[in-house]
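Numbers restart at 1 for each chain; the letters A, B, ... are given by sequence-line order, proteins then strands.
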Amino acid sequence: MSTPATNFNEREHVICQVARLVEDRYIYWVGGGGEPLSTALLAKRVHAPNLQYLTEDGVVGPEALVPFDPLMTMISSRANYRALQWATMNYAADIAHLGYVDYGILNTLQVDRYGNINSTVTGKYEGGEGRRFGGPGGADTIAALAWRTILMTDQQKRKFVDRVDFISSPGFLEGPGARERHGLPPNTGPWRVYTPWAMFGYDTDCQLMLQGISPFVSVDQVLSEMSFKPKMAAQLDILHVPTEEELIVLRTQIDVAGQTTDRGRWIELRDGKYMFADQ
Amino acid sequence: MSTPATNFNEREHVICQVARLVEDRYIYWVGGGGEPLSTALLAKRVHAPNLQYLTEDGVVGPEALVPFDPLMTMISSRANYRALQWATMNYAADIAHLGYVDYGILNTLQVDRYGNINSTVTGKYEGGEGRRFGGPGGADTIAALAWRTILMTDQQKRKFVDRVDFISSPGFLEGPGARERHGLPPNTGPWRVYTPWAMFGYDTDCQLMLQGISPFVSVDQVLSEMSFKPKMAAQLDILHVPTEEELIVLRTQIDVAGQTTDRGRWIELRDGKYMFADQ
Amino acid sequence: MAEMRILEAGNADYLKVDPDGYRAWVREHKPHQMVSKLMNEHEAVEKFVHDGDYLAYDCNYFQRGPSSLIREIIRQRRRRLWICGKFTYVACALLVEAGCADRIDIGFIGFGPWISRAVREGKCKIYEYSNAIMTLRLKAGAMGLPFLPVRSFGGTDGFARSGCKLIEDPYTGQPIILVPAINPDVAVIHVHQADEFGNARVFGTGIAHQECALASKRVILSTEEIVSTDEIRRDPSRTSIPHFTVDAVVHAPFGAYPGIVQGYYASDPAGVIEAMGAMFRGDFREYLNKHVHSVASHEDYLDKVVGAKKLAEIRSRETIREGYSA
Amino acid sequence: MAEMRILEAGNADYLKVDPDGYRAWVREHKPHQMVSKLMNEHEAVEKFVHDGDYLAYDCNYFQRGPSSLIREIIRQRRRRLWICGKFTYVACALLVEAGCADRIDIGFIGFGPWISRAVREGKCKIYEYSNAIMTLRLKAGAMGLPFLPVRSFGGTDGFARSGCKLIEDPYTGQPIILVPAINPDVAVIHVHQADEFGNARVFGTGIAHQECALASKRVILSTEEIVSTDEIRRDPSRTSIPHFTVDAVVHAPFGAYPGIVQGYYASDPAGVIEAMGAMFRGDFREYLNKHVHSVASHEDYLDKVVGAKKLAEIRSRETIREGYSA
C-alpha cells in the first residue's frame with residue numbers, strides 16, 4: 001500500500017524523504033536521535049526489515065523497540081534491543097574507519113555551500129559573542145568516515161550560509177581535494193541535504209546543487225530561504241509526499257509523543273494541490 | 001613447614017629459587033609455559049595464594065587447575081580457570097604499557113653482559129648459517145614493559161655470552177640510557193638472572209653481576225660456565241635449596257609428568273654437604 | 001635521518017601528555033594487590049576528587065552515568081575541574097553552574113543560555129574536539145601511549161582549537177591526524193556489578209568505561225550491585241574493568257537516577273525533563289537545591305527526594321533483562 | 001612547518017600499508033548485507049585463499065586454531081603464502097614443509113631442523129617481529145589506520161629487520177616506535193559459535209580473533225556450532241566478530257583437533273606430540289600423508305583418521321564449562 005497522504009507536516013515529510021533512501025543492503029551510522037534515527041526506524045518498519053545501523057554507543061543492527069522515553073535513544077535497552085553486537089564508541093569509530101559505513105545520516109544547525117556542518121556556534125566564536133551550541137558530538141566521525149553523508153536541516157536563510165560560522169564536522173571543506181589534504185579518506189563526503197522543502201546534491205566542484213523541491217513550494221520560495229544561490233540541476237525533481245502507511249508507522253509507533261515531528265507547518269491536499277494549511 | 005630437601009634436580013632448584021621471589025602484592029607477566037609459569041603456579045600454592053599473573057593470551061589472575069596437558073598452558077580452560085578477566089594479547093600488552101606489570105619472568109636461550117635476550121638464532125643470522133629458534137614470542141613485550149625482568153636459563157658457556165648473537169628481547173641493550181634512546185619506558189629492564197647454579201643482578205653500569213651461588217657449586221665452576229667474566233658482588237649469597245614442601249607441590253601437582261623439571265643433574269645431601277649425585 | 005613534516009597543529013592547551021609519569025603513578029599508587037575498596041560516596045569523592053583535577057565521567061547523567069557521584073562532587077564543592085565533556089546532556093552544565101568546573105574538552109554537551117554566558121564571562125574555557133576524538137584520546141591514555149592516529153577531525157575549526165596535529169604519515173606519505181592521549185586525574189564510572197576490589201561488569205553498550213578506568217590516575221566506581229569475587233570468576237569474559245585500576249567502590253543502587261541503567265531500571269522522564277528544563281532556562285539554582293544540597297547523601301536523596309514509589313516504578317518499567325546479566 | 005625526525009627505520013620488506021585500498025575493498029567486496037555464507041571447507045579455501053596471499057590464522061594448530069582449514073589449505077596446495085607467524089607451534093612448519101608458504105612474519109613459531117634448512121636453502125624468508133608486535137600490527141589494520149605507536153621492540157635486532165620505525169614523538173619529544181598496519185589478504189579463524197551470516201562468538205581468552213576479522217580482506221570462519229541469529233541477538237555482548245567482516249562460515253566440529261577448544265573439548269596429547277615430533281625430526285612427510293593427504297575432507301579425517309572413540313574421549317576430558325557459553 002502506498003497511498004499519498006493528504007495531510008502531514010514538514011518534519012514528517014522530510015523524515016519520509018530520507019527514510020526512502022535507506023536500504024537493506026547498506027550499513028548506516030545514524031545520528032543518535034531526532035530525525036536521523038527516525039528515518040532508520042521508519043525504513044526498517046516500512047520497506048527495509050533487515051536494515052542495519054550503528055549509533056555512537058557501538059550498537060550494531062538493533063531491532064529497536066519503539067517508542068523511546070525522552071532522550072533514551074542510546075545506551076538504552078529499548079533502542080538497543082536484540083542487536084547483532086553491543087560494543088562502545090571507539091568500536092563504532094573503528095568500523096567507520098574501515099569503510100563499512102556506506103551512509104551517515106545527520107542533522108545540522110547550519111550548512112554551507114561546501115556541505116560543511118556547524119553544530120558549535122552561530123555568530124562569532126571568539127569571546128563567546130556568538131550563540132554557543134553543543135559541539136559535533138558523533139557527527140565529525142560520521143561526516144569524515146562514512147562514504148556518503150546525508151544531512152537533514154530546515155529550509156531557513158540562517159541555516160544555509162555561504163560559509164558556516166564554525167566547521168564542527170567536515171563537508172568538502174574548501175572544495176575539491178581539501179578533505180584529503182586534511183587527512184580524511186578519499187571518495188567520502190557530503191552526498192545529499194534534505195529539508196522539508198527541498199533536496200540538494202553536490203556538483204563536481206563539491207558545491208551544493210538544488211536537485212528537487214517539494215510539491216508545496218516553489219523554487220523561488222526555496223531560494224528565498226538560502227543566504228547564497230546554490231547550483232541548479234538541469235532538471236528539478238518534485239519530491240513525493242509521505243504515504244499514509246509511512247505516516248501511520250511514524251505517528252503510531254515511532255514518534256507517538258511527537259517529540260521529533262511535532263514542529264513545522266502542516267501541508268494539505270487542497271483542490272488537487274499540496275499547499276500549506278495556513279496558506 | 002620448610003624442611004630443606006635432601007634430593008632434588010637442577011630444574012626443581014631454580015624454579016624454587018624464583019618462586020620464592022613471587023609475592024601476593026605484585027602483578028606478574030610470566031612466560032606462558034615451562035619454568036616461568038611453574039614459578040607462579042608453585043608460589044601460588046606454597047606462599048602466595050592471592051598471586052595475580054598474566055599470560056600472553058590476556059588472562060588476568062587465573063586459579064589454574066594443574067597439571068596441564070602437554071603445551072596446554074594458554075587458551076586453555078584449566079590454565080585459565082576462574083580468572084578475574086579473560087581478554088586477548090593486545091589487552092595484556094596494554095596492561096604492561098600502563099605500568100601494571102611489576103615483574104616479568106622469562107626464560108632465554110642466551111643472555112649477555114647487558115641482560116639482552118636471544119631466542120632467535122645461535123651463530124650467524126644472515127644466510128641461515130646459524131641455528132634458528134622460534135623468535136621472541138611474548139618476551140619482547142615483557143622485557144620492554146615490565147618494571148623488572150627475571151630471566152631463567154642454564155649455567156652454560158654458550159648461554160652466557162659477551163654479546164648475544166641476536167637481541168630478540170631487550171636487556172639494557174648497549175648500557176645505561178640505551179633503552180630510553182630506543183623508545184622503551186624509563187626505569188625498566190633486567191633485574192635478576194637465575195640458573196640452577198647461580199643468581200645474578202646488575203650493577204649501576206647495567207652489567208651482569210654474580211650475587212649468589214648454589215651450595216653444590218663453587219664460584220669457579222660458575223665462572224667456568226660463562227663466556228665472559230661478570231661483575232662480582234662484594235658478598236655472595238648462598239642460595240637456599242628447595243624445601244620438601246615446595247618439591248611435593250611441584251612434583252605431585254604442577255609437573256606430575258616431569259615435562260618441565262625432568263632435565264638436569266640431581267643434587268643430594270651427602271655428609272652434610274649438597275653435591276651432584278653423579279659426582 | 002629522514003624527516004616527517006608536521007603540516008598543521010592545533011593551538012589550544014591540552015592536558016600534558018606524560019605516559020612515563022602515568023606509568024610511575026600506576027607503579028606507586030595503583031592497588032596492584034586485591035584490597036577491599038568499599039566506601040560511601042562522601043569518602044570516595046573526598047579522597048579521590050581534588051580541586052583542579054581533570055575529571056572524566058563515563059556515559060552521562062541520563063544514561064548509565066555516575067549521577068550520584070556527580071551530585072556528591074557538587075555537594076562537596078570541588079573547584080576548577082577540567083571536564084571530559086563527551087556524550088553529555090546536563091552533566092557539564094550542572095558542574096559549571098555549580099561552580100565546580102571551569103574548563104571543558106568538548107565532545108558534545110547539552111547547551112543553552114548557561115554556556116554562552118559562562119564562556120562570555122570567562123567562567124568556563126572550552127576546547128574543541130568531538131565525542132569519538134575524546135574517546136580515542138582516552139584510548140591512547142588507556143594504551144599507555146602518547147598519541148593515536150585518526151582519520152577524522154582534520155580540516156575542522158575544532159582542529160585549530162585542539163591539541164591535535166596533522167602530520168605526514170611515514171608509511172603512506174599522506175596527511176594523518178594525531179590526537180594527544182589523556183590520562184585524567186580522576187574518573188567516575190557507574191557499573192551494573194562490581195566486587196569489593198573493583199572487578200566490574202558493565203552490561204550492554206557503553207561509551208568508554210574501560211578506557212576511562214585504564215587511563216585515569218584515580219578511579220571511583222559506583223555500582224548497582226556488589227557481587228562476590230567468586231561470581232566475577234564464574235564468567236571472566238564479563239569483566240569490563242579489572243580491580244587494579246580502581247581506587248573506590250561505592251554501592252549506589254539507582255546511582256544513575258534520573259537516568260536509565262539498561263536491564264535494571266528505566267529513566268525517569270519527569271526527572272530528565274526537570275534537569276533539561278533547568279538547563280534550557282539557564283538556571284540550575286532550584287534544581288541544585290532540590291536534588292543536591294537538600295540532602296546529605298545518595299541514600300538520603302532516594303529516600304527523601306525521589307521516593308520508594310518512583311524507584312519501584314522505574315524498576316518495573318524496565319522490562320528487558322535479556323543480555324544484561326552474566 | 002615543524003619537523004619530526006625519523007631516528008631509525010627497519011630495512012625489511014613488509015606488506016604494503018594501504019588503508020585507503022582496504023577501505024575501497026571493504027566497500028566493494030565485503031558483504032554489508034546479511035547473506036548466508038555457509039559452505040564446506042573445500043569451497044571456502046578454493047574461493048578465498050589464493051596463491052601469494054598474506055595469510056593470518058588466529059591462535060594456533062593446538063589451541064582453538066583453524067586446524068581443519070590449515071589442513072585444507074595444504075590439501076589444495078596453495079603456494080607462496082606469506083604467513084603471520086604469531087603464537088605458533090607447528091602451523092608454520094606444516095605450511096612451509098608442505099610447500100605452501102615462503103615468507104613468515106615472526107612472532108613465535110615452533111622451530112627445529114626444518115626452519116634453519118628452509119632459511120638456508122632460501123625456501124623461506126623470515127621477517128622479525130614479536131607476538132604482541134604482530135597483534136598490534138593487526139590491530140592497526142583493524143582500526144583502519146596506517147600505523148600504531150608502541151613502547152616495546154626498540155633496540156632489538158628484530159627492529160632492524162622489520163618494517164618498524166623509531167620516530168621522535170611530537171608530543172613528548174621522546175623516541176617512540178611505530179609499527180606498520182597489516183591488512184592480510186585472508187584470515188582463517190576458528191570460533192565456538194557462529195550464525196550462517198558470520199556473527200560469531202569466541203569464548204574465553206584469545207590472541208587476536210577480532211583484529212584478524214576486522215583487518216583482513218577475506219575471512220573464513222570455521223565454527224564448532226552453527227547457532228541461529230536469534231541466539232546471537234539474545235546476548236549481543238558475546239558477539240566477537242560481526243557478520244559483515246566474514247566471507248565464509250564452515251561448520252567444523254572438532255575443527256581445532258588435535259588442539260583444544262576451551263570449554264568444548266580437550267587437546268589430544270598423542271596428536272599434539274605426533275605433530276611436535278615430526279617438527280623436531282624435521283620431517284613432515286609421514287604426518288602430512290596421514291593427516292592431510294589420506295583424506296578428502298575434515299569430516300573424512302575425523303571419521304577415518306581420528307575416530308569416534310578419540311573424539312568422545314577428548315570431549316569427555318574437557319570437564320570445564322563455566323564461562324564458555326552465552
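In terms of heavy-atom proximity, P236(C) sits nearest to A83(B) at CG-O, 3.3 Å. Nearest heavy-atom pair across Q33(C) and Q52(B) is CA-NE2, 3.8 Å.
Both the backbone and the side chain of Q85(B) come within less than 4.5 Å of a heavy atom of chain C. Contact annotation for I95(B): only side-chain heavy atoms (C-beta onward) come within less than 4.5 Å of a heavy atom of chain C. When heavy atoms are compared at a cutoff of 4.5 Å, A87(B) does not approach chain C at all. Only the side chain of Y91(B) comes within contact range of chain C, judged by heavy atoms closer than 4.5 Å. Only the backbone of A142(C) comes within less than 4.5 Å of a heavy atom in chain B; its side chain stays farther off.
By number of non-hydrogen pairs under 4.5 angstrom with chain C, the leading residue of V101(B), D24(B), N50(B) is D24(B). Taking chain B as the reference chain and counting heavy-atom pairs below 4.5 Å, the highest number among D230(C), V35(C), T229(C) is found for D230(C). Between chain B and the options I241(C), N199(C), I232(C), the largest number of non-hydrogen pairs under 4.5 Å is found for N199(C). Per-residue heavy-atom pair counts under 4.5 Å with chain B were compared for M143(C), R234(C), Q210(C), and the maximum is reached by M143(C).
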Carefully, step by step, assess V60(B) and F244(C) under the rule side chain to side chain contact (heavy atoms under 4.5 Å, CB included).
CA-CA 11 Å; V60(B) 178; F244(C) 44 76; 3.8 Å; yes
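Note that CG of L145(C) and CG of D94(B) are 7.5 Å apart. Values are rounded to the nearest 0.5 Å.
Because its NZ or CZ atom is both nearer than 6.0 Å to the ring centre of W147(B) and within 45° of the ring axis, R23(C) counts as a cation-pi partner of that residue.
A 6.0 Å sphere centred on NE2 of H47(B) holds more than 12 heavy atoms belonging to other residues, nucleotides or ligands.
Taking the side chain as every heavy atom from C-beta outward, L98(B) and L214(C) approach each other to under 4.5 Å.
None of Y100(B), Y26(B), Y103(B) except one satisfies the ring pair (Phe, Tyr, Trp, His ring centres under 6.0 Å) rule with H32(C); the exception is Y100(B).
No donor-acceptor distance shorter than 3.5 angstrom exists from the side chain of S237(C) to the backbone of W86(B), with no hydrogens or angles considered.
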